Colleague: 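Below is a structure I'd like to ask you about.
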There are 4 protein chains.
Amino acid sequence: MANKSKPIPSLVKDPELVKIRRGQIIRAAVDLFVEKGFHKTTTREIARESGLGIGTLYEYIQSKEDVLYLVCDFIHSDVEQKLDELMTHGHTGRETLISAIRDLFRVMDDAQDHVLLIYQEMKSLPSDMLRYVLAKEEEITSRFERILERGIQDGSLKLEPGSVKLMAHNIVVLGQMWTFRRWILSRHYTLEEYIEHQTSLILQGMTAVDEVSKK
Amino acid sequence: MANKSKPIPSLVKDPELVKIRRGQIIRAAVDLFVEKGFHKTTTREIARESGLGIGTLYEYIQSKEDVLYLVCDFIHSDVEQKLDELMTHGHTGRETLISAIRDLFRVMDDAQDHVLLIYQEMKSLPSDMLRYVLAKEEEITSRFERILERGIQDGSLKLEPGSVKLMAHNIVVLGQMWTFRRWILSRHYTLEEYIEHQTSLILQGMTAVDEVSKK
Amino acid sequence: MANKSKPIPSLVKDPELVKIRRGQIIRAAVDLFVEKGFHKTTTREIARESGLGIGTLYEYIQSKEDVLYLVCDFIHSDVEQKLDELMTHGHTGRETLISAIRDLFRVMDDAQDHVLLIYQEMKSLPSDMLRYVLAKEEEITSRFERILERGIQDGSLKLEPGSVKLMAHNIVVLGQMWTFRRWILSRHYTLEEYIEHQTSLILQGMTAVDEVSKK
Amino acid sequence: MANKSKPIPSLVKDPELVKIRRGQIIRAAVDLFVEKGFHKTTTREIARESGLGIGTLYEYIQSKEDVLYLVCDFIHSDVEQKLDELMTHGHTGRETLISAIRDLFRVMDDAQDHVLLIYQEMKSLPSDMLRYVLAKEEEITSRFERILERGIQDGSLKLEPGSVKLMAHNIVVLGQMWTFRRWILSRHYTLEEYIEHQTSLILQGMTAVDEVSKK
DNA sequence: CATGAATGAGTCTTCATTCAT
DNA sequence: GATGAATGAAGACTCATTCAT
C-alpha cells in the first residue's frame, strides 16, 4: 500500500518543476515505447516528443534506463489507481472477488498497451530498479491474496491455505494474459466473454462441495 | 503437428554443413541471449562463441534477427520434442491431462531460461518471423485443447465447450508463469508443489458435481 | 539562372553554423575525392580532414552520398561564379563568344581537378541528386546557347538554328576535354595554344562565306 | 596498330582455356558493370554470372581490378574491330573523313553503354593498367589524325598542321559525347541528325575558301 | 582444374551522453 | 534552468581474397 518508488536523482532542485517535466517525459516515452519498443526509441525522440531539448531531458534523468523506470513506475501507479477507484467491496469475499476480477481484467484491457509494455521491457531495467518494479507487481497480487483470505474466512470461498498465494498470482497473470495473448484470444472471445469464462473457471475451483450441490 | 519453419537463406550450399554450423550458432546464441538479452549481444560475440569468424557467421544468416528466429525456432522444437517424449496417454482424458500438465510444467522448468528468453525477445522478431513463432505457440496450446476434448467426450472432464480453448491457454500460460514469475513463486513453492497445487486448482474447475459428491 | 540546389537536411538548426561546418566538410572532401576518389575515401577521413568528429560529421549530412552532392554542387557553383566574374560582353555576339570560350577554358584549367572529379564521380549520386547536378550542367551550356543566338541575330555568327544547341554543347565539352584528356593534350598544347586552336576551329565553322571571302 | 595489351597472369596454363574462361568472365562483367558500376559489383556476382565458382574466377585473374582491365581492353578491341569493319576508303581524304565520322558515331551509339562504362570506370584502374587503356584511346584518335593528314595532302581538307591532332581528338570526343551527354542530346537529336550536324560543323572549319565559294 | 567455405579488415552509420553557452 | 552542438565508442554487415579438398 505504501508504494515506495526508487527516487531518480535530478539536477533540477525545484521538486514541483521536476514533477511537471517528468510528466512530459513519461507521457512522451510511454507512447514511443509502446510504438517502437524501448531499444528502438532514441533519447532524442523522447526529448522531442516531450517538448524538451536533449540537454534539458538529461537535467531530469541520468540515463535512458531512468526513463524506462519512470514509465514502469507510472504505469503501475496508474493501474493501481484505477483499481483503487473501481474496487468496491461486496458483502462476501466471493462477491468482492468476482467484482475485483472484473475490475482487474477491465483495467488490463484498458491499459493493455501499457501492461504489455512493462511485460516486454521490464528486463531492460538495471537490477536495482527491477526490484522496485517487481515489488509493485507483488503488491498488486497481494490485493487478491487479501480478498481470497477474506472469502475463506467468511466461508464464501473454499481454498486450502497453501494455494492462496498461487491463486492470487493466477488471477493476476490471467489478467495479463489478456494483453500478451491478445493476438489469439481476441479472435475467440470479447473482453466480457473472457471475464465471464475466466471468472467461472476460477470460482469453480473454489466452491465448496455442498454449495455446488445446492445449485 | 507438421511444424513449418520459415527457411532462412544461407550462402553455403551444403545443407548438412548448414545444419552443423547453425547448430553451433544457435548453441552460442541461446547462452548469450539468456545471459545478456538479444539487444545487448553483439554479432561478434555470437561469432566468437560459435567458434566462427564474423564473416563466416554471415554465410549462414542474413541478419542478426535471423539468429533470434533460429533460436526461437530451436527452443520451440526442443520444447515440443520433450513434450512428445513425455506425453503418455492415460486411460481417461482426465488422467492424460494430469500427466500432461505435469510434463508441461517440468519441461518449462527444465527449459526455464529458454522459455523466458522467447517470452522476452519474441517481440524483436520481424513480423513475418513472428508469425511462425506464434503459430508454434498456438500449436502447443492446441495439444491441450485436444486432451480436454477427449476428457469431455469420455466424461472424465466437465467443461462447457466455450471454455475449452481458454482452459488450454490457461494451462500453458500457467506453465510459462513458472518461468516468468519464478522470482517470487520459487520463494513459496517447489516445482512439485507448484505442479500439485496448480493441477488441483485446474481440475477442481472441471470436475462434475456428482463426482465431487461421491468423494 | 536561379540555381536551385537540393536541400540536404541537417540535424543542426543554426543555418549559419551549418554553412560553416559544411564549408569545412566540402573543403576536406574535395581534396580527398580528388586524391583517392569517392569510393576509396572513408567517412572517417572526411571527418578527420574536416576537423570534426565522425559523429559531428553526421550532424551535418545524412549519408556519404550527401557529401558527394555537396561537393558537386559546390564545384558547379564555383565554376559558375568564376564564369560570372569573367564573362565580359563584347560588342558583337562573335566577340562575346571568343572571350567566353577563353574564359570557360581558363576556368576549366583553373578548376581542372574539380571538373574531372564531377565527371568521374557524378554517376555515384543517387538519381534524385543526379538530376540537380545535371540541371546545373545544362545551365552552363545554355549560357553559350544564348551567346550563340545573339551572334546569329547581330549577324556576327552564322549557324543554322538546329545546330545552336549542339554547338553550345560542343564548346562546353571541348572545355571539359581539356581536363579529361589532359594526359595527352598537355603534351602537345599549352592552355593558351589550346584555346587559340579550338577557338579558331569553332569559329571557322560559323563564319559567313562572304565574310570568309573578304578576308 | 599493333595493339599491345598488358598480359594478365593466370594460374591456369592452357592458353586456350584461359581465353574461353576469360570470355565468360568479360561477358558477365560488362553487363554487371554497365548495370551497377564497378564498385557496386561484387566478385561473387561476376563469378555467378560467369558460370564459375568464386575460386575458379580467381584462377583466371589476380584481383577485381584485373577484371576491369579485361573489360576495358575488350571494349576497346571491340570498338576498334567494328571501326575496322566499317572504315571504307573514299577517294579523297574528305570523303573518307565523312564516312569515318559516321562510322565512329554509329559505333559509339551501338556500344554506348560500353563506351560510357570505360569513361566512368577507367579511373579505377591501377596506373600501370591505365597506361595501356589510354594508349588504346590514343590509337583510335590517331586513326583520325591519319585521315586528316591524307585530306590535307590531297587538298580536300584545309587545316593548319598544329590543329590536326586537336581536330582528331575533337572528333573522337564528340563521338563519346553522344554517350555521356545522351541524357540531354537525345531529347533534341536522333543519331542521324547528330551525325549530320556534327559532320557539317566539323567540316565547315576545314573547308578551303575557294571551295566554299564554288558551292 | 574446379570449387566454395572461411576469413577479418574495413565500412558506414547510430546514439547515449556531456558541457559550454 | 534550458539548450543543442559535439563526441566517439560501438554496432551490424560486406566483400575481396585464400586455401584445403
Side-chain angles (χ1 to χ4, degrees), chain A residues 10-14 17-18 21 39-48 51-67, chain B residues 10-14 17-18 20-21 39-48 51-67, chain C residues 10-14 17-18 20-21 39-47 51-65 67, chain D residues 10-14 17-18 21 39-48 51-67:
Chain A
S10 167
L11 293 177
V12 176
K13 295 306 161 201
D14 177 358
L17 187 54
V18 171
R21 291 279 181 268
H39 280 104
K40 294 204 170 163
T41 300
T42 67
T43 51
R44 270 172 143 121
E45 287 172 314
I46 296 170
R48 179 158 18 88
L52 304 174
I54 180 68
T56 312
L57 176 66
Y58 273 85
E59 297 271 302
Y60 294 94
I61 56 161
Q62 297 202 299
S63 75
K64 193 185 170 191
E65 279 151 349
D66 282 358
V67 178
Chain B
S10 166
L11 292 178
V12 175
K13 295 299 160 71
D14 178 3
L17 187 56
V18 171
I20 293 170
R21 292 279 180 269
H39 280 104
K40 295 208 170 164
T41 301
T42 69
T43 52
R44 287 190 132 86
E45 286 172 314
I46 297 170
R48 178 157 20 87
L52 304 174
I54 180 68
T56 310
L57 176 65
Y58 273 88
E59 295 269 299
Y60 295 93
I61 55 160
Q62 299 205 297
S63 72
K64 194 185 170 192
E65 279 154 347
D66 280 357
V67 178
Chain C
S10 167
L11 292 177
V12 175
K13 294 301 159 69
D14 179 3
L17 187 56
V18 171
I20 293 170
R21 291 281 180 269
H39 281 105
K40 295 207 170 164
T41 301
T42 68
T43 51
R44 288 192 128 85
E45 286 172 315
I46 297 171
L52 305 174
I54 182 66
T56 312
L57 176 65
Y58 273 88
E59 295 269 298
Y60 294 93
I61 56 160
Q62 299 204 300
S63 72
K64 194 185 169 192
E65 279 153 348
V67 178
Chain D
S10 167
L11 294 177
V12 176
K13 295 306 161 200
D14 178 358
L17 188 55
V18 171
R21 293 278 181 268
H39 279 104
K40 295 205 172 164
T41 300
T42 67
T43 50
R44 270 172 143 121
E45 286 172 314
I46 297 170
R48 179 158 19 89
L52 304 174
I54 181 67
T56 313
L57 177 66
Y58 272 85
E59 297 271 303
Y60 295 93
I61 56 161
Q62 298 202 299
S63 76
K64 193 185 170 192
E65 279 151 349
D66 282 357
V67 178

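No experiment lies behind these values; they were computed from the predicted model shown. Each chain gets a letter, A, B and so on, in the order its sequence line appears, and its residues count up from 1.
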Colleague: Just to be sure I understand the rule, does A:T43 reach a base, reach only the sugar-phosphate, or reach nothing, if contact means heavy atoms closer than 4.0 Å?
Modeller: base

Colleague: Could you write out DNA chain F as a dot-bracket string, with dots for unpaired bases, | for bases paired across to another strand, and Watson-Crick or G-U pairs counted at under 3.5 Å?
Modeller: .||||||||||||||||||||

Colleague: E:dA9 C1' sits how many Å from B:R44 CZ, rounded?
Modeller: 9 Å

Colleague: Checking all strands, does A:L11 fall into the base, sugar-phosphate, or nothing category for heavy-atom contacts under 4.0 angstrom?
Modeller: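 No contact at all - A:L11 keeps every heavy atom at 4.0 Å or more from the nucleic acid.
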
Colleague: Measuring from atom OG1 of B:T41 to atom NE2 of B:H39, what distance do you get when rounded to the nearest 0.5 angstrom?
Modeller: 10.5 Å

Colleague: Look up atom NZ in A:K13 and atom OG in A:S10, then write down how far apart they are to the nearest 0.5 Å.
Modeller: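 The distance works out to 7.0 Å.
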
Colleague: Side-chain N or O of D:R21 versus OP1/OP2 of E:dC1: is the shortest distance under 4.0 Å?
Modeller: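 False: D:R21 side-chain N/O out of range (4.0 Å or more) of E:dC1 OP1/OP2.
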
Colleague: Starting at atom NE2 of B:H39, determine the distance to atom P of E:dT14, rounded to an integer number of angstrom.
Modeller: 16 Å

Colleague: Less than 4.5 Å apart, side chain to side chain, heavy atoms only: is that true for C:E59 and C:L52?
Modeller: no

Colleague: Pick out which of D:I61, D:L57, D:V67 makes a side-chain contact (heavy atoms from CB on, under 4.5 Å) with D:T43.
Modeller: D:L57

Colleague: Does any non-hydrogen side-chain atom of B:Y60 lie less than 4.5 Å from one of B:D66?
Modeller: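 B:D66 does not reach B:Y60 side chain to side chain.
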
Colleague: To the nearest 0.5 Å, tell me how far A:R48 CZ sits from A:T42 OG1.
Modeller: 7.0 Å

Colleague: Would you classify C:S10 as touching base, sugar-phosphate or nothing, given that sugar-phosphate means primed atoms plus P, OP1 and OP2, and contacts are heavy atoms under 4.0 Å?
Modeller: nothing

Colleague: Within residues 52-60 of chain A, find the residues that approach DNA chain E with a heavy atom at under 4.0 Å, and present them sorted by residue number.
Modeller: A:I54, A:Y58

Colleague: Considering non-hydrogen atoms only, spot the tightest contact between B:V12 and B:V18 and give its length.
Modeller: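 Taking B:V12 first and B:V18 second, the nearest heavy atoms are O-CG2, 3.5 Å.
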
Colleague: Considering only heavy atoms of chain C and a distance under 4.0 Å, specify the first and last nucleotide of DNA chain F in 5' to 3' order that meet this criterion.
Modeller: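 With heavy atoms of chain C under 4.0 Å away, the range is F:dA5 to F:dA10.
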
Colleague: Would you kindly give the CZ-to-C1' distance between B:R48 and E:dG8, to the nearest whole Å?
Modeller: 14 Å

Colleague: Quick one: are B:Y58 and B:L11 in side-chain contact, heavy atoms under 4.5 Å?
Modeller: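 Sidechains of B:L11 and B:Y58: no contact.
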
